[in-house]
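All chains are named by letter (A, B, ...) in the order of the sequence lines, taking the proteins before the strands, and each is independently numbered beginning at 1.
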Amino acid sequence: MRLPGWISQHLAAARALLVFTVLLGIAYPLVVAGVGQAAFYTQANGSIIERDGQKVGSSLLGQSFEDRPEYFQSRPSAAGVGYDPTSTSASNLGPESVVDTLGDPAIDPESGEGNGSKQSLLTQVCARSKAVGEREGVDGSRPFCTPGGVGAVLGLFREGGLTGRITKVVSLNEPASSYDRATKAAKKNDSAFVASYEGVPVELAVFGEDYSKAIVTPIRGNAPAKPAVPGDAVTSSGSGLDPHISPAYAQLQLARVARARGVEGARLRKLVDEHTTGRALGFMGEPAVNVLELNLVLDQRYPKKG
Amino acid sequence: MSTTVAGLVFAGSLIAALVVSYRYFGDYMYRALTSARHFAVERGLYRLIGADPAKEQTWGAYARSVLAFSAVSLLFLYAFQRVQDKLWLSLGFAPVQPDQAWNTAVSFMSNTNWQSYSGESTMGHLVQMAGLAVQNFVSAGVGIAVALAFVRGFARSRTEYLGNFWIDLTRVCLRVLLPVAVIGAIIFVGAGMVQNFSSGTEVTTLTGATQTITGGPVASQEVIKELGTNGGGFYNVNSAHPFENPASWTNWLQIFLILLIPFSLPRVFGRMVGDRRQGLAIAAVMAIIALASTAGVMALETGEHGTVPQAVGSAMEGREVRLGVANSATFAAATTLTSTGAVDSFHDSYSALGGGLLMLNMQLGEVAPGGVGSGLYGMLVLAVITVFVAGLMVGRTPEYLGKKIGAREIKFASLYFLVTPCLVLIGTALAMSSATERASMLNTGPHGYSEVLYAFSSAANNNGSAFAGVSANTTWYNTALGLAMLLGRLLPVIFVLALAGSLARQKPVPASAGTLPTHRPLFAGMVAGVTVVLVALTFLPALALGPIAEGLL
């Protein structure tokens, strides 16, 4: 029997796909798995680290050490609630994500539904920088950040829209009132990070007001261009699983970790240096410190007392 | 070594490696793809497929084979995802929703590998390896096969025949892709990429929390993801994931694999048309554009442009510490200059103009060096348009490689060029005219618009990378971007094969004193110029509303 051309054409295609599926979709990955499992057992199974017979993590995946001063801290993470390999993600926020969506001051931001607020990337960076600064006892200020740890961004209203005299200035990320947990109600906030801009007094942002016509103007301020808190400490990584921090961020954390463990800073410094990997072949990538590996060695050599 | 110097050495070492592989890997591919001999295993495959290796196809038959294979692939992949819960290794995941399954099936069939899904929470291991990763091979094979048929249109004369699609496809997969993939995958496992069939290992972290270490046949998929300029990651965060890119040197190797075939194919072209200098000229055009673009992205990203990068002091948002900003920028340029779309850093967080440059890379039609196969035929179509423009200037009938570029040829070339701009601009306009679709933007203002423009540029050009903030897993985006990918792949393939058929039929025109030499720097410069001017005229208004507005405001 002879089939019409268009049918035999598709039959050939289906047979070809079947053949390639068996060869490239089954045989090939199985062969690689076979060789991989035989030759590189640890790597092929996720580079899992064991301690006292317990699986404690993968040397390639970061972990969260939040609120544990005796550990070196990882970078902020956008993967799930943080360092969740089943929901990897970056923040995907852009370089001009500078204006927050304010929340309803009458609602607890921690409540089930939340209060509708959304932080801009700039405010996230500022808040993290302030928090890290306080934790490590250094200056957490950054360019374009208010002392209160939000993005220093003014909304300018001009007479002619884009041009003309300034009629009103609003500090867009500083709410006029916010939720107070003690009284369970809205509480008025103090004044803005600058009193006035070009002679016009700066107002705080009122929830629900439409500021979309304002000209968004980030204010540089006088923070140093190279802040004390390194960049990787205030940004989330691409994967949300970054196992590394920069050597600068590790050095910054030395004193606090040493204090929490009751050891001399100099000893830890040596340990951090040992765990700092340089660029591959001298030019690929950037120097980095593997946080989990470092913390494991810390636990082993300088266990926390008490 | 300072960061800047290290970044330059990184890029320089890639260039050196590609120059060497242009010569040797190009020659290997030429021999492998044009040899008259069939291996025994290949004869067996041809019998299974039912293809006669002694028979060649006309352009129409070749195109019908491509379409049939694409249609079957699309249907199979769709069905596979829809029934994944009933198959092995599904990890307990539900069937993929119809609109998302359609989008993903088109995406992998068309070598786009746009992902509206998140790998670790949607796809079982079997769908990934026997569905998606198979398309990583064969969609790359289709691209190279079409490029070979197109080059035969120049190399042959007075014939209707352009080769046999089934032979070309089989040879690309078996002789070129598979050997490199096997070696590469084993190296990658050694570097720390996982290769197992585990559904995940629970561990208790140092602070007492539970973390699931994910598994999967990652290494085998990773290598072909780059080599076939596919780009679909096993996990949501693609090559930023430490299991997909464990070290800075695997990052280098991935960029090399992305560029290996696209930059070596011009050598194959040169040898097939019997003049290596022609291949070198095409490779030079690709290299000029690629170098300019990569340098631009690197300068913009390391230069801390924009409010947040200035506040941070470096562009570390969306970047991994081990890879760094400069190497990530090199990866981003490579992935958008080709049709890969893998990412090791998140383009949505790039500076306004840096991200705009990545968009422009795709809008160039991905010809510098472009996707495997599609980059070569795209660039050759631009060369055809260039000789036409040059012919108009001096008032001579244009010719390229001994073939007259007449009305019929230039019609096909123009149609080829017009497909993607139409898809990108119409698609973006439709999305922006609806409030529901605008609501998918994560960022606001020009950056949000850039997310949508990027999505359609990526889909229509079969790239697959994203300004990933946009929530594209909606019925509308899944359907619309699916259509953009489908038409952006198959219409150009049909036009390029039709053009090949019409070229192969001609008898060669002997070169005369008035013939424009097409292997000299003058011609290479003109092709680069025509490429940039055509694309700039098409896309500048659209770019002005997004990245340019954001960068200058």
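For a residue to count as touching a neighbouring chain, one of its non-hydrogen atoms must lie under 4.5 Å from one of that chain's; by this rule B:Ala311 touches chain A with backbone and side chain alike. For B:Thr250, no part lies near chain A; criterion is any non-hydrogen pair under 4.5 Å. Using a 4.5 Å cut-off between heavy atoms, A:Gln54 does not touch chain B at all. Contacts of B:Val138 with chain A are made by side-chain atoms alone, with heavy-atom separations under 4.5 Å and no backbone atom involved. A:Asp84 does not touch chain B: none of its heavy atoms, backbone or side chain, sits under 4.5 Å away. With a threshold of 4.5 angstrom between heavy atoms, A:Ser129 does not approach chain B through any atom at all. In this structure, chain A has no heavy atom under 4.5 Å from any part of B:Glu244. Neither the backbone nor the side chain of A:Leu281 has a heavy atom closer than 4.5 Å to any heavy atom of chain B. For chain B, the nearby part of A:Val35 is the side chain; its heavy atoms alone come within less than 4.5 Å. In this structure, the portion of B:Asn327 lying under 4.5 Å from any heavy atom of chain A is its side chain and not its backbone. Looking at B:Ser314, the atoms closer than 4.5 Å to chain A (heavy atoms on both sides) all sit in the side chain, from C-beta outward. With a 4.5 angstrom heavy-atom cutoff, B:Met193 touches chain A only via backbone atoms. Residue B:Ala468 touches chain A through both its backbone and its side chain, counting heavy-atom pairs closer than 4.5 Å. Contact of A:Pro29 with chain B is made through backbone and side chain together, with heavy-atom distances under 4.5 Å. With a threshold of 4.5 angstrom between heavy atoms, B:Val127 does not approach chain A through any atom at all. Proximity to chain A is absent for every atom of B:Gln128, based on heavy atoms less than 4.5 angstrom apart. With a threshold of 4.5 angstrom between heavy atoms, B:Ser239 does not approach chain A through any atom at all. The parts of B:Asn196 that come within reach of chain A are both its backbone and its side chain, each placing non-hydrogen atoms under 4.5 angstrom from that chain.
Using a 4.0 Å cut-off between charged side-chain N and carboxylate O, A:Glu286 and B:Arg322 make no salt bridge.
Side chains of B:Glu451 and B:Asn443: a donor-acceptor N/O pair is present below 3.5 angstrom, by distance only. Judged purely by distance below 3.5 Å, without hydrogens or angles, the side chains of A:Thr235 and A:Gln124 never pair a donor atom with an acceptor atom. Side-chain contact of B:Glu550 with B:Ser450: a donor-acceptor pair under 3.5 Å is absent, judged by distance alone. Using a 3.5 Å distance cut-off with no hydrogens or angles, the side chains of B:Glu120 and A:Ser87 do not pair a donor with an acceptor.
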With ring-ring contact (aromatic ring centres under 6.0 Å, His included) as the test, would you mind laying out the steps for B:His125 and B:Phe197 before giving the verdict? CA-CA 7 Å; B:His125 292 339; B:Phe197 303 97; 7.1 Å; no
Are B:Arg319 and B:Glu301 close enough, and set up right, to give a salt bridge (charged side-chain N to carboxylate O under 4.0 Å, His left out), and what steps lead you there? CA-CA 11 Å; B:Arg319 269 67 154 202; B:Glu301 291 314 302; 2.5 Å; yes
Does A:Arg51 form a salt bridge (charged side-chain N to carboxylate O under 4.0 Å, His left out) with A:Asp299? I'd like the steps, not just the answer. CA-CA 10 Å; A:Arg51 181 170 68 176; A:Asp299 271 355; 3.0 Å; yes
Take A:Tyr28 and B:Phe137 through the ring-ring contact (aromatic ring centres under 6.0 Å, His included) test and state the conclusion after the steps. CA-CA 11 Å; A:Tyr28 157 68; B:Phe137 279 96; 5.3 Å; yes
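Taking a 6.0 Å sphere around CD1 of A:Ile7, one finds it holds more than 12 heavy atoms contributed by other residues, nucleotides or ligands. Within a 6.0 Å radius of CZ in B:Arg47, no more than 12 heavy atoms belonging to other residues, nucleotides or ligands are found.
Per-residue heavy-atom pair counts under 4.5 Å with chain B were compared for A:Ala280, A:Pro230, A:Gly221, A:Ala288, and the maximum is reached by A:Ala280. In terms of heavy-atom pairs under 4.5 Å with chain A, the best-connected choice from B:Ser345, B:Gly448, B:Gly318, B:Gly131 is B:Gly318. Chain A forms the most heavy-atom pairs under 4.5 Å with one residue out of B:Gly313, B:Gly192, B:Gly324, and that residue is B:Gly192. Chain A forms more heavy-atom pairs under 4.5 Å with one residue of B:Val72, B:Thr204, B:Thr307 than with any other, namely B:Thr307. Top candidate by heavy-atom pairs under 4.5 Å with chain A, chosen from B:Leu206, B:Val134, B:Val194, is B:Leu206. Ranking B:Ser121, B:Ser65, B:Pro217 against chain A, the residue ahead of the rest is B:Ser65, based on heavy-atom pairs under 4.5 Å. When the candidates A:Gln63, A:Glu50, A:Arg128 are compared by the number of heavy-atom contacts under 4.5 Å with chain B, A:Gln63 comes out ahead. Ranked by heavy-atom pairs under 4.5 Å with chain A, the list B:Pro242, B:Gly306, B:Gly445, B:Ala61 is led by B:Pro242.
In this pair, B:His241 and B:Tyr235 present their aromatic rings parallel. The plane angle is below 30°, not in the 30 to 60° band. Taking the six-membered ring where tryptophan is involved, the planes of A:His10 and A:Trp6 are perpendicular, since the angle between them exceeds 60° and thus also 30°.
When ring centroids are compared, B:His347 and B:Phe467 stay outside the 6.0 Å threshold.
Shown are B:Leu14, B:Thr330, B:Leu323; of these, the side chain to side chain contact (heavy atoms under 4.5 Å, CB included) with B:Trp252 is made only by B:Leu14. Looking at A:Thr217, A:Thr146, A:Ile219, A:Val216 one by one, the single match for side chain to side chain contact (heavy atoms under 4.5 Å, CB included) with A:Val153 turns out to be A:Val216.
Contacts from residues 67-82 of chain A to chain B, taken as heavy-atom pairs separated by less than 4.5 Å, involve A:Arg68, A:Tyr71, A:Arg75 in sequence order.
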Give every donor-acceptor pair under 3.5 Å between a side-chain atom in residues 16-26 of chain A and any protein atom, sequence neighbours left out.
from: A:Thr21; atom 1: OG1; to: A:Leu17; atom 2: O; distance (Å): 2.7

